[in-house]
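Letters go in sequence order (proteins before strands), and every chain restarts at 1.
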2 protein chains.
Amino acid sequence: MSINLTRQALYLQVYDSLAQRIASGMWKPGPPIPNEVDLAREFGVSPGTLRKALDLLEERRLVERRQGRGTFVLDHATEELTFRFVNVFDANDERIVSTQTTVLSQGIGEATQVECNQLEAAKGEKVLRTRRVRDHRGRPISYEEASITVGRLSGLEREPNPPSDYLIVPFAQQHGIRLGRATEKITHLSASSEVARLLRVKRGTQLLKLDRVVYSISGEPVEWRIALCNLAGGYYVAAMR
Amino acid sequence: MSINLTRQALYLQVYDSLAQRIASGMWKPGPPIPNEVDLAREFGVSPGTLRKALDLLEERRLVERRQGRGTFVLDHATEELTFRFVNVFDANDERIVSTQTTVLSQGIGEATQVECNQLEAAKGEKVLRTRRVRDHRGRPISYEEASITVGRLSGLEREPNPPSDYLIVPFAQQHGIRLGRATEKITHLSASSEVARLLRVKRGTQLLKLDRVVYSISGEPVEWRIALCNLAGGYYVAAMR
DNA sequence: GCGAATTTGTGCGTATGTATT
DNA sequence: TAATACATACGCACAAATTCG
């Protein structure tokens, strides 16, 4: 290569370009993206450099590569990817994938101080707040309060009626954002009378409190959520590396 | 390269050789290992292939590479690596790194049915069991029951007095094993009178139950541990990708 | 303070292996 | 079987970081 005046390695620049094509919807799940040789030629880089960019796309779950078939944009609306930030399992070792939700309230407002901290948002930024109760196998399982940074989901600002039963992973994907990681703080507490009523348990029942922030692949916080969860014989699973 | 009669890719074979040198203690933390060109020559592979093997060693935290300096074997006895499977923080956001432990009992025996399941051990395999109470800032913070597969830690069988206050990560390293990942199941429960006494809390106090299995880099379970933890204003943190 | 030597990081180009269609 | 696409491997050149005289 010639002299590198740019701050970024070439394969990282290629990564950005490819990621942009996926975020913009130019490449969608379904058909394979162009093959490596063609892409390398198009970007004017060597096949090895392009492969390194694809390695990164794969690691960040933007694409999936299959030898002999091609490279495919991943659909984050699959069960595997959608529920990967949901670590609660019921007593039968089944992941709690809420089928039904009851929305208590929803609205857009300016971020509070706490929301600004959790979401790394500037003062005055808009957030979409949703309060709901999730059911699992016909039983209310959790009460949730979630806040989403409106500005980071492209097009959300202009949506008249955002879905109140959204699941954050596919919801973000629909707005050009793939999620990369999340952290969750876990404590336990006693159900207040209000929450007890919503979850149909006795007041004082012990619940798990899950305080979660979900980040985009590029590292921005997208959703902050607090869930009060009635484990009822189930458990939470954490995986560490 | 010539025909590939082996099942494994060349860079994976090289990885195994390098990993073996670290496990055996031939290469230790401290001085850098030989440079990439020399290693490639020694193994009779191209620099690119050797680099791919090193990439894997780095990803699995066996080595650390620094441009201009060299490649170094990682010491898992550092705080960062030792406590990476400890996700409990106190009310001041400080990780709970137990300074003091009181051992209640320790001994070697044949694995029970449950231990065989958790540790993927054969019937009759030996396990080292330790019961202890951990302190944090002068307060008892958790009661633990741990079982270790004796056969998977080299030399442990012949140790007359295994340390009762071991920390699993450096302890495994001392026996030629680096740990790769862990999973932890979390529930809450009320303290029994016995546990309440040990943790100096009232009977019935809510505790977090942490049921953890730690795996070696090669994927074998090494330790199964149950901890009953008095959060006392603290919290558990899970990170997801 | 500077330049040479050393070591890893990035990039190029090519050939061949292997899985899929 | 043939064509296609990703996977592995080779070898070389130069960039960037670090160390040391």
Side-chain angles (χ1 to χ4, degrees), chain A residues 1-19 21-22 27-75, chain B residues 1-19 21-22 27-75:
Chain A
M1 271 298 294
S2 57
I3 30 161
N4 182 11
L5 296 167
T6 58
R7 68 224 168 285
Q8 281 217 106
L10 192 50
Y11 75 95
L12 291 175
Q13 299 178 40
V14 175
Y15 165 85
D16 285 338
S17 299
L18 297 174
R21 292 190 182 182
I22 293 170
W27 287 337
K28 292 194 175 78
I33 68 173
N35 72 58
E36 300 181 346
V37 196
D38 288 352
L39 283 176
R41 203 172 12 233
E42 183 196 336
F43 282 99
V45 300
S46 77
T49 300
L50 191 111
R51 271 188 71 76
K52 222 171 154 178
L54 284 178
D55 286 346
L56 207 51
L57 287 165
E58 191 169 36
E59 187 192 308
R60 300 189 180 172
R61 286 187 267 227
L62 285 168
V63 303
E64 176 184 35
R65 289 192 283 182
R66 274 137 83 180
Q67 190 174 359
R69 294 197 53 197
T71 299
F72 301 84
V73 174
L74 275 182
D75 182 6
Chain B
M1 274 299 292
S2 58
I3 31 163
N4 181 10
L5 296 168
T6 58
R7 65 216 172 291
Q8 280 216 108
L10 192 50
Y11 74 94
L12 292 174
Q13 299 177 42
V14 174
Y15 165 85
D16 285 338
S17 298
L18 297 174
R21 292 189 181 184
I22 293 170
W27 287 338
K28 293 196 176 77
I33 69 174
N35 73 58
E36 300 182 347
V37 200
D38 288 351
L39 283 177
R41 201 170 15 231
E42 183 196 336
F43 283 99
V45 301
S46 78
T49 300
L50 190 110
R51 272 188 70 75
K52 218 170 158 181
L54 285 177
D55 286 345
L56 207 51
L57 286 165
E58 191 169 38
E59 187 193 307
R60 301 192 178 169
R61 287 187 267 227
L62 284 168
V63 303
E64 177 183 36
R65 289 192 281 182
R66 273 137 83 180
Q67 190 173 4
R69 294 199 54 197
T71 299
F72 302 83
V73 174
L74 276 183
D75 182 6

Engineer: Between R41(A) and D38(A), is there a side-chain N and carboxylate O pair less than 4.0 Å apart?
Structural biologist: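 Looking at R41(A) and D38(A), the cut-off is met.
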Engineer: Any idea which of dT8(D), dG11(C), dG9(C) is nearest the Y11(B) side chain?
Structural biologist: dT8(D)
Engineer: Could you tell me whether the side chain of Q67(A) has a donor or acceptor atom within less than 3.5 Å of a complementary atom in the base of dA7(D)?
Structural biologist: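 Flag unset: no donor-acceptor pair detected.
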Engineer: I want to verify a distance call: between dC12(C), dA7(D), dC10(D), whose nearest atom is closest to the E36(A) side chain?
Structural biologist: dA7(D)
Engineer: Quickly, which of L18(A), L74(A), I22(A) forms a side chain to side chain contact (heavy atoms under 4.5 Å, CB included) with V63(A)? Name it, please.
Structural biologist: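 The option that passes is I22(A).
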Engineer: Determine the contact category for V37(A): base if any of its heavy atoms lies under 4.0 Å from a base atom, sugar-phosphate if only primed atoms, P, OP1 or OP2 are that close, otherwise nothing.
Structural biologist: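 V37(A): no heavy atom of the nucleic acid under 4.0 Å.
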Engineer: I need the CG-C1' distance between L57(B) and dT8(C), as an integer number of Å.
Structural biologist: 15 Å
Engineer: Closer to the 5' end of DNA chain C via nearest nucleotide, is it R66(A) or K52(A)?
Structural biologist: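 Nearest-nucleotide comparison on DNA chain C picks K52(A).
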Engineer: Looking at the side chain of R69(B), which of dT18(D), dC10(D), dC6(D) is the nearest nucleotide?
Structural biologist: dT18(D)
Engineer: With heavy-atom distances below 4.5 Å as the criterion, would you say the side chains of E59(A) and E59(B) are in contact?
Structural biologist: no
Engineer: So what does G48(A) hit on the nucleic acid, given a heavy-atom distance under 4.0 Å: a base, only sugar-phosphate, or nothing?
Structural biologist: nothing
Engineer: How is P47(A) classified with respect to the nucleic acid when contacts are heavy atoms under 4.0 Å: base, sugar-phosphate, or nothing?
Structural biologist: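 P47(A): base contact, heavy atoms under 4.0 Å.
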Engineer: Could you tell me whether the side chain of V73(B) reaches within less than 4.5 Å of the side chain of K28(B), counting heavy atoms only?
Structural biologist: no
Engineer: Nearest to the V45(A) side chain among dA7(D), dC12(C), dC10(D), which nucleotide is it?
Structural biologist: dC12(C)
Engineer: Counting any heavy atom closer than 4.0 Å, what does R51(B) reach on the DNA or RNA strands: base, sugar-phosphate only, or nothing?
Structural biologist: base
